[in-house]
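Just so we're on the same page: letters track the sequence lines, and every chain starts at 1. Remember, predicted model here, so these are calculated numbers, not experimental data.
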2 protein chains.
Amino acid sequence: MNRSPDLNRRRTIRDVATAAGVSISTASNALNDTGRINAETRERVRRIAKEIGFRPNAAARSLLGGRSHTVGIITNDTYGRLVLPMTAGVSEVLLEAGVSVFLCPTNNDPRLAHLHLEALLDKQVDGLIFTATRLDLEPPPALADLPIPIVHAFSEGPPERVSFVPDDAQGAELAVRHLLACGHRRIVHVTGEENYVVAHRRAQAYRALVSPEARVMFGEWTEEWGREAVEILFAGDGEKPGALFCGSDEIARGVIDALRDRRIRVPDDVAVIGFDNWEVVARQTRPPLSSIDMELKTIGRRAGEAVLALCRGETVPPGINRIACRLVPRDSCGRADHD
Amino acid sequence: MNRSPDLNRRRTIRDVATAAGVSISTASNALNDTGRINAETRERVRRIAKEIGFRPNAAARSLLGGRSHTVGIITNDTYGRLVLPMTAGVSEVLLEAGVSVFLCPTNNDPRLAHLHLEALLDKQVDGLIFTATRLDLEPPPALADLPIPIVHAFSEGPPERVSFVPDDAQGAELAVRHLLACGHRRIVHVTGEENYVVAHRRAQAYRALVSPEARVMFGEWTEEWGREAVEILFAGDGEKPGALFCGSDEIARGVIDALRDRRIRVPDDVAVIGFDNWEVVARQTRPPLSSIDMELKTIGRRAGEAVLALCRGETVPPGINRIACRLVPRDSCGRADHD
DNA sequence: ACGCTATGATAAAAGGTTTTAGCTCGCAAG
DNA sequence: CTTGCGAGCTAAAACCTTTTATCATAGCGT
């Protein structure tokens with residue numbers, strides 16, 4: 001009956017102070033290295049705090065400081081293939097700063113997005129990272145003028161905001177140059193839907209490098225379309241392409257499969273390069289697919305750093321930051337002559 | 001200079017009270033429907049609160065109530081394919097209850113896992129959901145006796161905890177029964193690494209249904225292994241299998257590709273069924289792959305409900321909850337005779 | 001001896017909400 | 001007229017931490 005109450009209550013700074021025989025303020029100063037304090041006292045307080053397992057109450061702290069040390073990520077990604085690497089990057093950066101990440105999957109439902117946004121604002125997140133897998137979908141929900149910093153990752157926000165996106169043009173260049181370096185000519189670009197901004201940007205970069213009239217085949221972002229494109233390209237007896245630069249690894253996979261069906265050797269007869277470096281796909285094609293990695297984790301890290309800086313009141317130059325892509329050579333392009 | 005200060009300060013309940021000409025307590029009561037209050041007053045307060053855009057400060061609230069209305073998900077998933085659908089389920093359930101979800105990707109790094117755990121505890125999450133893509137990896141980090149409820153999703157926790165996992169045995173049965181219903185005999189099971197618990201469980205269920213000596217081929221969870229298995233099975237001139245039950249969609253994809261190479265028709269000559277229902281794979285095989293869906297979102301939802309109940313102090317029966325899998329028939333098994 | 005400074009410690013306020021106990025007023029019962 | 005009671009409202013405490021202003025003491029120079 002007379003069991004000591006609160007035995008497993010959370011330890012507060014008051015407990016620390018009492019145990020150390022000092023006042024609450026002194027305890028606080030000791031733990032945060034603020035104010036003037038005797039070195040010995042500080043150590044004692046800290047030791048005791050650790051001993052009794054004291055953890056400062058985040059609620060009290062944010063109540064006072066006005067900062068919650070949390071940020072939210074709003075995403076419409078369903079499969080996680082894009083958002084998880086980014087989130088990993090974000091939280092890697094924020095973890096060091098003691099900031100945690102709320103992940104809000106909206107499932108492409110604007111109503112859900114709105115509810116999540118409300119919830120985040122109620123939780124007083126210090127900042128927001130907005131991510132969308134498809135630029136044409138989901139126009140930011142009433143995201144107009146919130147009282148907190150917003151950073152866009154993998155989606156281009158309005159010019160006054162900070163955005164981080166893959167450098168599609170540079171990625172396309174990387175791909176084309178690699179094909180050229182491997183000695184391939186007559187490159188054709190097989191890519192996804194024409195109304196995707198990224199498809200255009202990549203196609204443009206590709207044409208700038210090859211020729212203004214170089215062939216671009218728009219279609220769907222599927223294997224199916226990759227196979228179909230090969231049918232189209234290799235059916236007649238006109239001149240055949242020597243290399244295919246694909247807009248996604250899925251398309252590339254379709255391409256490679258169709259080439260294989262036709263007994264066309266990769267990379268000897270035709271070279272293929274993909275885009276996304278989606279490992280589960282790229283590593284399992286025959287031969288393994290060379291591809292362009294969009295450095296999602298880096299994008300996440302950069303977005304994390306930006307939102308952190310903004311939360312601290314620092315100023316970050318607004319605009320679109322294009323993060324360099326990385327070439328991941330495997331076996332589908334042969335060997336580069338140089339470099 | 002004399003501009004009204006705090007114009008864009010957050011509205012507090014005090015602002016509401018002042019504007020409505022009532023005390024803070026009354027305002028609080030009106031908003032939360034607690035205490036005795038005149039209906040008219042209540043409506044007035046609520047109207048004004050909405051007008052001035054009042055949002056209760058979550059920090060103050062949790063400081064008082066001892067609950068933060070947040071839970072954390074700790075995961076080692078790198079690609080997000082498993083964790084994102086689950087997280088979507090979790091947050092769907094929790095959103096209604098005003099609880100938000102911290103996602104912590106540990107990247108299989110125990111140090112990172114530990115840091116995340118610390119951060120979550122500092123944030124005073126009300127509960128924790130622990131998720132691991134591979135049961136053999138990452139033994140829960142010092143997750144032994146935390147002061148908060150812990151639920152396991154997609155990974156089996158200790159018996160005194162609550163866990164939600166796919167019902168692998170039932171899923172395997174579903175697959176085998178489907179093959180049988182489609183008229184296929186001589187089924188072989190091609191699956192992943194022998195030291196995975198799930199591989200065993202599925203194999204066992206398969207044998208129970210087919211025959212105690214039915215053939216099981218353990219290998220890797222890759223397309224490569226799927227192709228290799230086909231080589232092994234169809235190389236000699238012994239009796240050939242009529243159907244292949246694969247342990248993952250990736251394996252199934254390898255199997256289908258290899259069969260295609262050998263000019264063996266699917267499903268006419270050999271039927272194939274996968275496991276995971278990983279759409280990007282299953283929909284793109286030729287023919288599209290029938291598969292078993294593990295209902296990850298449902299697992300997430302159930303885990304969310306459980307952790308919510310536990311946070312509220314309700315008691316949830318501990319133990320492993322096996323969530324039924326779902327058959328997703330496509331074209332790789334032909335048509336079922338009945339049902 | 002006196003004033004001044006530096007050091008070390010502390011009391012108290014602040015932050016926004018919920019909750020408990022209490023207050024006032026009007027009305028009905030005695 | 002007094003007492004009791006309920007409806008409606010409110011003051012104040014509590015939650016935990018940080019920060020500001022204050023206080024006490026010792027040391028030092030004159």
Please list, in numerical order, the residues of residues 17-42 of chain A that have a heavy atom closer than 4.0 Å to any atom of DNA chain C.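 Of all residues in residues 17-42 of chain A, the ones placing a heavy atom under 4.0 Å from DNA chain C are A:Val22, A:Ser23, A:Ser25, A:Thr26, A:Asn29, A:Arg36, A:Ile37, A:Asn38, A:Thr41.
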Name every residue in residues 43-65 of chain A that has at least one heavy atom under 4.0 Å from any atom of DNA chain C, in order of residue number, or write none if there are no such residues.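 Those residues are A:Ala60, A:Leu63, A:Leu64.
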Enumerate, atom names and distances included, each donor-acceptor pair closer than 3.5 Å involving a side-chain atom of residues 80-100 of chain A, sequence neighbours excluded.
| residue | atom | partner | partner atom | Å |
| --- | --- | --- | --- | --- |
| A:Arg81 | NH2 | A:Asp276 | OD2 | 2.7 |
| A:Thr87 | OG1 | A:Val83 | O | 2.7 |
| A:Ser91 | OG | A:Thr87 | O | 3.3 |
| A:Glu92 | OE1 | A:Lys297 | NZ | 3.4 |
| A:Glu92 | OE2 | A:Arg301 | NH1 | 3.0 |
| A:Ser100 | OG | B:Lys123 | NZ | 3.4 |

Report the residues that fulfil side chain to side chain donor-acceptor pair (under 3.5 Å) with [X], sequence neighbours left out, ordered by chain and then residue number.
X: B:Arg42; result: B:Asp33
X: A:Arg312; result: none
X: A:Asn57; result: B:Gln124
X: B:Thr70; result: B:Ser68

Does A:Asp15 have any side chain to side chain contact (heavy atoms under 4.5 Å, CB included) partners at least two apart in sequence or in another chain, and if so, which?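 Here the qualifying residues are A:Arg9, A:Arg11, A:Thr12, A:Ile52.
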Does anything in residues 29-48 of chain A pair up under ring-ring contact (aromatic ring centres under 6.0 Å, His included), and if so which pairs, sequence neighbours excluded?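 Found none.
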Among residues two or more places apart or on two chains, list those pairs meeting ring-ring contact (aromatic ring centres under 6.0 Å, His included) that have a residue in residues 42-83 of chain B.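 Found none.
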Between A:Glu156 and A:Arg322, is there a side-chain N and carboxylate O pair less than 4.0 Å apart?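 Yes.
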What's the CZ-P distance between A:Arg67 and C:dG15, to the nearest Å?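 It is 18 Å, rounded to the nearest whole Å.
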Identify the 5'-most and 3'-most nucleotides of DNA chain D with at least one atom closer than 4.0 Å to a non-hydrogen atom of chain B.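 The footprint of chain B covers D:dA7 to D:dC16.
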Just how large is the angle between the end axes of the helix from C:dA1-D:dT30 to C:dG30-D:dC1, five pairs per end, to 10 degrees?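 About 70° separates the two local helix axes.
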Please determine which of B:Val22, B:Ile13, B:Ile37 meets the side chain to side chain contact (heavy atoms under 4.5 Å, CB included) test together with B:Val45.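 The residue from B:Val22, B:Ile13, B:Ile37 that satisfies side chain to side chain contact (heavy atoms under 4.5 Å, CB included) with B:Val45 turns out to be B:Val22.
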Quiz question: by atom type and distance under 3.5 Å, do the side chains of B:Ser25 and B:Ser28 form a donor-acceptor pair?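 No donor-acceptor contact under 3.5 Å links the two side chains.
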Distance-only side-chain donor-acceptor flag, A:Asn76 / A:Thr106, under 3.5 Å: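 No, no side-chain donor-acceptor contact under 3.5 Å.
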